[in-house]
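A, B, ... follow the sequence lines: proteins, then strands. Residue 1 opens every chain.
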There are 2 protein chains.
Amino acid sequence: MKEVARLAGVSPMTVSRVLSAPHLVKPETLEQVQSIIRAVRYVPNRVAGSLASRRTSLVGLIIPSLRNALYAETIQGISDVLQRHGLHLMISDSGYSLEREEALISAYLSQRPCGLILHNTTHTEAARHLLQDSGVPCVETGNLTTQPIDMAVSYSNREAGRAMADHLLSRGYRRFGFASLPISGNERLRERRDGFFDGLRAAGIEIDPAMVLEVGEGLENGSHALAELMRRDASVQALFLAGDVLAAGAILECTRRGLRVPGDIAIAGSDDNELMQQTVPPITTVRFPRYRIGVRSAELIVSRQEEERSQPDTQSATEDLGFEIVPRGST
Amino acid sequence: MKEVARLAGVSPMTVSRVLSAPHLVKPETLEQVQSIIRAVRYVPNRVAGSLASRRTSLVGLIIPSLRNALYAETIQGISDVLQRHGLHLMISDSGYSLEREEALISAYLSQRPCGLILHNTTHTEAARHLLQDSGVPCVETGNLTTQPIDMAVSYSNREAGRAMADHLLSRGYRRFGFASLPISGNERLRERRDGFFDGLRAAGIEIDPAMVLEVGEGLENGSHALAELMRRDASVQALFLAGDVLAAGAILECTRRGLRVPGDIAIAGSDDNELMQQTVPPITTVRFPRYRIGVRSAELIVSRQEEERSQPDTQSATEDLGFEIVPRGST
DNA sequence: TTGTAAGCGTTATCAA
DNA sequence: TTGATAACGCTTACAA
């Protein structure tokens, strides 16, 4: 910057203004400086800028897994908003471990980000403290929480589970099975499952513990879940496969076995992805507004940031973006 | 840090050492300082650290689209390696636009990252200059390039296309169709398509331009592609659907139409994802080592970084990680 | 093993 | 509209 200033015959401060507040610079000076900047291909150093201004352009995102296509929509929503505001996204995965999440939060806070987004609402004690003390705007997402650390943008997994129970009951099914990814350490799935059980119980139906399964990720494990649940109870009428693409895997397995869906067995999924619409038959599912969640999360952080520049009266927020049962051919 | 130093009765420099070179500190002092750090919940400021050391812990990644599940594997590979080395990943999507890529490169360079990974081998003139002048280690990936800006880790899309042609020819097919996402601005797909045509041509077969289609993303568009190509030539024998999940969409459409695969029509895909293995029949495809590519890309940047600390004799590298034709039921 | 001094490359602040 | 000056919170280099 000094070099640019020297060549343009102005002070470094003027160069700085050309870059970050061009409207404060006389048009001729502006153009003069800009031409030098282009000529020497000057690339400003934001590290220095951030230190001086005590403000970075980094937003941190921690998700349970990068591989899981679920998060892609949310990430795109976040990214779209941040990019419009000149902010940058750091992403890491916690591998579903709260300890790793804590370590990541700590590492991210060292970077003095202008915001943090967590796809998670349960954290270690230490992690909560870190976040609270830091004063960094923080959005929790992935599940509705009554006690957000700062802000939350989500939907109720419990209500979604209950709504799916109501849907299946309304179709006349009475014997159920349930499968999901491992519940431990995943409050989103736990809530969805418990909501489902609540809904059945309200209709006087108790699900057999043997008909509740945890399986690994992937289509293949959806197939396994179907096979195993049918083996355990050949008269089961409806399955709720909560999580990722398990339901699609089950449908594909039905195709392979020549089972009619929903004639022989009804199958419902969650997390509407395009696969759900394209199977034969298309799968009844519960859809969460993932892109919108990314967008709102990012917007909250951006607005927090802009607030800070004017009036620093921080306000917490919890937004419930809802969900939607999408009835299709499989139930 | 000053505050911690004061409370611990040492100089700030000792606190700094406790954090970044603990082996240089006397054990008692170390413990003493660490206990103060915990007590006051001191979170070091890496922005300041980076400015002083002229070294950040940020690696930038630019991919064409965040939504595309293709990149998830590569990202996970990168992330796994970086996390082990205490580095952080910034991710943005260029939306398949070279101009946006250039803008992102420029923005990333301002952050003085310790490396950049581009899922792309064609760039604007300005972008190449920026990268070359910056001296920031840069890995290009996604396609084999003869002229890497710095380093490259990839596979040959052209060879992959040719290999798929050979595979289909060896199965006895002679009338072909091809569909992919839009080719323009996507050198990876162009190469794959051209390689496919090369392979056919070598066997004396020229593909009818009417049987070459570009469609949008998603399963649904795979279905459309199948419908359209069969409409244009009812006697077509084999389709190569290159890109994303188009082939799976086509297979699902065949299921809906009651077409036998490969009896009525053979279908081959690319980018082996789990969907390809689970359809009925499973889809013949070409598999790229996406996770490995992420791993190697990150490793090259890490090793460059460590080199720099010792001997600064930078060396360029192009690594070809190959691909694999996976013959399955659909051809 | 620890400390001192001098930056790192910007921006905030105030004065001109 | 522009400039001088003093930070920002660390690390490097060297000295003790």
Side-chain angles (χ1 to χ4, degrees), chain A residues 1-34 36-37 40-58 86 107 109-114 134-135 305 308-310 312, chain B residues 1-34 36-37 40-58 86 107 109-114 134-135 305 308-310 312:
Chain A
M1 188 176 266
K2 265 187 200 154
E3 171 76 356
V4 172
R6 197 179 56 72
L7 292 170
V10 298
S11 76
M13 198 52 230
T14 298
V15 178
S16 174
R17 284 198 189 93
V18 166
L19 260 15
S20 49
H23 58 281
L24 295 180
V25 179
K26 184 165 62 170
E28 299 97 88
T29 317
L30 186 65
E31 202 160 330
Q32 152 75 349
V33 174
Q34 282 172 335
I36 300 281
I37 286 176
V40 303
R41 294 218 187 92
Y42 166 63
V43 178
N45 184 329
R46 260 191 179 282
V47 179
S50 294
L51 179 60
S53 66
R54 301 145 158 285
R55 217 177 326 105
T56 68
S57 56
L58 294 172
L109 288 178
S110 280
Q111 312 267 5
R112 299 293 186 268
C114 60
S134 72
Q305 213 206 189
E308 221 158 72
R309 291 159 158 285
S310 44
Chain B
M1 187 176 266
K2 264 187 201 157
E3 171 75 356
V4 171
R6 198 179 54 73
L7 291 170
V10 297
S11 76
M13 196 51 229
T14 298
V15 178
S16 174
R17 284 199 188 92
V18 166
L19 261 14
S20 49
H23 58 280
L24 295 180
V25 179
K26 184 165 63 172
E28 298 98 86
T29 317
L30 185 66
E31 202 160 330
Q32 152 75 347
V33 172
Q34 282 172 334
I36 299 280
I37 286 176
V40 304
R41 292 216 189 92
Y42 168 62
V43 179
N45 185 328
R46 260 192 180 280
V47 179
S50 295
L51 179 60
S53 66
R54 302 145 158 282
R55 217 177 327 106
T56 68
S57 56
L58 294 172
L109 288 179
S110 280
Q111 312 269 4
R112 299 294 187 268
C114 59
S134 72
Q305 210 205 191
E308 219 157 73
R309 289 158 160 284
S310 45

Rounded to whole Å, how long is the line connecting atom [atom1] of [X] with atom [atom2] of [N]?
X	N	atom1	atom2	result
M1(B)	dT2(C)	CE	P	15 Å
K2(A)	dA4(D)	NZ	C1'	13 Å
L51(B)	dT11(C)	CG	C1'	12 Å
K26(A)	dG3(D)	NZ	C1'	14 Å
L30(B)	dT2(C)	CG	P	9 Å
E28(A)	dT1(D)	CD	P	10 Å
R55(B)	dG9(C)	CZ	P	14 Å

Can you find a side chain N or O atom of [X] that sits less than 4.0 Å from OP1 or OP2 on [N]?
X	N	result
Y42(B)	dG9(D)	no
R54(A)	dT10(C)	no
T29(B)	dT2(C)	yes
S11(B)	dG3(C)	yes
T14(B)	dG3(C)	yes

- Task: Compute whether any side-chain donor of one residue and acceptor of the other, for S57(B) and Q111(A), lie under 3.5 angstrom apart.
- Result: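 Indeed, the side chains of S57(B) and Q111(A) share at least one donor-acceptor pair under 3.5 Å.
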- For V47(B), answer base if it contacts any base atom (sugar-phosphate contacts may also be present), sugar-phosphate if it contacts only those atoms, and nothing otherwise; contact means non-hydrogen atoms under 4.0 Å.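 The residue V47(B) makes no contact with any strand.
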- Message: For a quick check of understanding: with a heavy-atom distance under 4.0 Å over all strands, which category does R17(A) fall into, base, sugar-phosphate or nothing?
- Response: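 R17(A): base contact, heavy atoms under 4.0 Å.
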- Polar pair under 3.5 Å, donor/acceptor by atom type, side chain R112(A), base dG9(D):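 Check fails, no donor-acceptor contact within cut-off.
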Choose from [options] the nucleotide whose nearest atom is closest to any side-chain atom of [X].
X	options	result
M13(B)	dT10(C), dT11(D), dA12(C)	dT11(D)
S16(B)	dT1(C), dT11(C), dT11(D)	dT11(D)
V10(B)	dT1(C), dT10(C), dG3(C)	dG3(C)

- Between P12(B) and V15(A), which is nearer to the 5' end of DNA chain C once each is assigned its nearest nucleotide?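 Its nearest nucleotide lies further toward 5', so the answer is P12(B).
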- Query: Is any side-chain heavy atom of Y42(B) less than 4.5 Å from a side-chain heavy atom of L19(B)?
  - Reply: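 They are in contact (side-chain heavy atoms under 4.5 Å apart), so the answer is yes.
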